Amino acid sequence: MANVAFMTTLVVVSTAGLFVDDRVLLNESIWLKPLKFGFAFAVYSATLAWLLTKLTKAKRFGWWFGTAFAVFGAFDVAVIALAAARGTFSHFNAREDTLNQVVQTVFEYGVPPLLISNLVIGVLVLVQRTGDRALSWALRAGLALSTVGMVIPLALIPMSDVGEGHTATDANGDEVPMSAGHGIGDPDGTGMPLTNWSTTGGDLRVPHFIGLHGIHVLLLVVLALAASATRHTWLRDERVRAGLVGSVALGYGGLLAVTTWQAARGQSLVHPDASTGLGLAGVALVTVAVGLVTVVGGRRRAAQARQELVTAV
């Protein structure tokens, strides 16, 4: 929660920076990146803090890895904010000045502990129940998705079109040598509003974002099902809610797979081709089919229970 407080403060400072600092980097305010990272880490860290309270075994072990995530996350985002304040790139910056070397060193040694901490917490959740079936499966699947989301950029970075000798202009007008980039099929700089995801090529940030926030989508599904259960008796069955969470998790995993494949082929999220469309359609059909089977089974069991109750009376 200390990490959440730090990230929230960064969001406030970065938001102010949007209005008082007119410097831009790749056609967006230099403060937009630390704002997005601060917000994402605040939400994710708050989720992990809540999740760790649900552990029934190895709670102290989980606490240490949660603390590691918070500490390394704070360092990683702090150097992103430092680079932004300097008006230059944080990621893929190959300049040899001292401050940039500090930034790149923090990334090199700070990102792996985030992945490992998240993976360990995921294993702890996997081997124990952290709530009813629906919540347990949402947390298990969500942490698996987030871990995959963290790994995807490492796999896609080598596909970036930014090669040796490529430079980009920073907010100070300096040409900065770049070691890689987010874009696949087209360099960075032709992005959508706010996200800055490429509109003319693939972008590794798309599946990265989708994977990281899968846990939040699944938790919202759990809350929606719990609220709906007050009006629909068949949803009061744990097995039905868990099955529906499973169907959404299956579909979300399919979406992550398709968008990763799309990005790797150098294709923009907003310009899918027929193959991508077919892939998304297949994911949707499987998700709906699994969900329908779960709903039909749940409603049948609820009807049988009502009939048995009437017969008994």
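Both backbone and side-chain heavy atoms feed into the values below; hydrogens, waters and symmetry mates do not. What you see is a predicted model; the values in this text were computed from it and never measured. The chain is numbered in sequence order, starting from 1.
At distances below 3.5 Å, not a single donor-acceptor pair connects side-chain atoms of E28 with backbone N or O atoms of V24.
Considering only heavy atoms from C-beta on, R239 comes within 4.5 Å of R133 through its side chain. Looking at heavy atoms from C-beta onward, V77 lies in side-chain contact with M7 at the 4.5 angstrom threshold. A 4.5 Å side-chain heavy-atom check between N3 and Y44 finds every atom pair outside the cut-off. L269 has its side chain out of reach of D203: every pair of non-hydrogen atoms, C-beta onward, lies at least 4.5 Å apart. Residues L143 and L48 form a side-chain contact, since some pair of their non-hydrogen atoms from C-beta on lies under 4.5 Å apart. In this structure, L35 and T15 have side chains that are in contact, with non-hydrogen atoms separated by less than 4.5 Å.
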Using the rule given for ring pair (Phe, Tyr, Trp, His ring centres under 6.0 Å), can you reason through F65 versus F69, listing the C-alpha separation, both sets of side-chain angles and the distance that settles it, and then say yes or no?
CA-CA 6 Å; F65 278 94; F69 184 94; over 10 Å; no
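Under the 4.5 Å side-chain heavy-atom criterion for ILVMFWY residues, no single connected hydrophobic cluster contains both L250 and W137. Linking ILVMFWY residues whenever their side-chain heavy atoms come closer than 4.5 Å, directly or via other members, leaves V290 and V248 in distinct clusters. Both L99 and V79 are part of a single hydrophobic cluster, where members link through side-chain heavy atoms under 4.5 Å apart. L51 and V123 fall into different hydrophobic clusters, defined by Ile, Leu, Val, Met, Phe, Trp and Tyr side-chain heavy atoms under 4.5 Å apart, directly or through other members. Both F72 and F61 are part of a single hydrophobic cluster, where members link through side-chain heavy atoms under 4.5 Å apart.
For S146 and N118, the side-chain atoms include at least one donor-acceptor pair closer than 3.5 Å. A donor atom on one side chain and an acceptor atom on the other are found under 3.5 Å apart for H216 and T47. No side-chain donor from either of Q104 and N93 sits under 3.5 Å from a side-chain acceptor of the other.
Aromatic ring pairs are classed by plane angle as parallel below 30°, tilted from 30° to 60° and perpendicular above 60°; the pair H182 and H91 is tilted. The aromatic rings of F41 and F37 sit parallel, their planes meeting at an angle under 30°, below the 60° perpendicular limit.
Minimum heavy-atom separation, R236 to T230: NH2-O, 3.2 Å.
Cation-pi contact between R265 and W261: present, with separation from the ring centre below 6.0 Å and deviation from the ring axis of at most 45°.
The pair D97-R86 meets the salt-bridge criterion, since a charged nitrogen lies less than 4.0 angstrom from a carboxylate oxygen.
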